[in-house]
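Here's the structure we're looking at; comments come further down.
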Amino acid sequence: MEIKDLKVGDWVYVNYWSAYYNYWSKKAVQRITPKGFINVDGVLFKQDGYSRNAGARIYPLDDRKAEAEYIEYVKRKFVKEVEQEISLSGITYEQAVKIKEILEDNNED
């Protein structure tokens, strides 16, 4: 599917970026304006997929490269969340040793 073929309710990958962040999400097309702008999550996108203002781009769900980047982003985000939970949880030395053993067992595969 191409961006020009999107309809209201279709799901797309959205990549947002700036000098400070880069993140991905999945959102539904909310509206298509009479001039052909695609409204996703309150942001207007042109027919080439780029937002009217710099810093965002949409991709159809069948875009394999965007899908791979989205999946990789979700994995990295999950790992960071787990790392933060561990650092804030005040785990004991014994718990840390068990976590390390689990991680080492997974690295052997």
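Model, not experiment: these values are computed from the prediction. Below, all heavy atoms of this structure are taken into account, side chains as well, without hydrogens, waters or symmetry copies.
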Can you list, pair by pair, the side-chain donor-acceptor contacts under 3.5 Å of residues 42-49, counting residues two or more places apart and other chains?
from	atom 1	to	atom 2	distance (Å)
Gln47	NE2	Gly36	O	2.5
Asp48	OD1	Tyr50	N	3.0

In the single-linkage hydrophobic clustering (I, L, V, M, F, W, Y; side-chain heavy atoms under 4.5 Å), do [X] and [Y] co-cluster?
| X | Y | value |
| --- | --- | --- |
| Phe37 | Val8 | no |
| Val82 | Ile71 | no |
| Ile86 | Phe78 | yes |

Where do Ala28 and Gly9 come nearest, in terms of heavy atoms and distance?
->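 Minimum heavy-atom contact is CB-O, 4.3 Å.
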Taking all non-hydrogen atoms of both residues into account, name the closest pair between Ile58 and Ile3 and its distance.
->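 Looking at all heavy atoms of both residues, the closest pair is O-CD1, 3.6 Å.
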Output all residues satisfying salt bridge (charged side-chain N to carboxylate O under 4.0 Å, His left out) with Lys98, sequence neighbours left out; order by chain, then residue number.
->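 By the salt bridge (charged side-chain N to carboxylate O under 4.0 Å, His left out) rule, Lys98 matches no residue at all.
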Within residues 6-20 or reaching into it, pairs that qualify as side chain to side chain donor-acceptor pair (under 3.5 Å) - sequence neighbours excluded |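 Residue pairs passing side chain to side chain donor-acceptor pair (under 3.5 Å), neighbours aside: Asn15-Asn22.
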Sequence neighbours left out, what pairs pass side chain to side chain donor-acceptor pair (under 3.5 Å) with at least one residue falling in residues 65-82?
->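 Qualifying pairs: Arg64-Glu67.
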Only counting residues at least two apart or in another chain, list the ones meeting side-chain contact (heavy atoms from CB on, under 4.5 Å) with Glu85.
->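 Checked Glu85 against side-chain contact (heavy atoms from CB on, under 4.5 Å); zero matches.
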List in chain and number order the residues that pass ring pair (Phe, Tyr, Trp, His ring centres under 6.0 Å) with Tyr21, two or more places apart in sequence or in another chain; answer none if no residue qualifies.
->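 Ring pair (Phe, Tyr, Trp, His ring centres under 6.0 Å) list for Tyr21, sorted by chain: Tyr23.
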Could you walk me through whether Asp41 and Val14 pass side-chain contact (heavy atoms from CB on, under 4.5 Å), step by step?
-> CA-CA 10 Å; Asp41 200 30; Val14 186; over 6 Å; no
Is any side-chain heavy atom of Ile99 closer than 4.5 Å to a side-chain heavy atom of Ile91?
->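 The answer is yes, as the side chains (C-beta and beyond) meet within the 4.5 Å cut-off.
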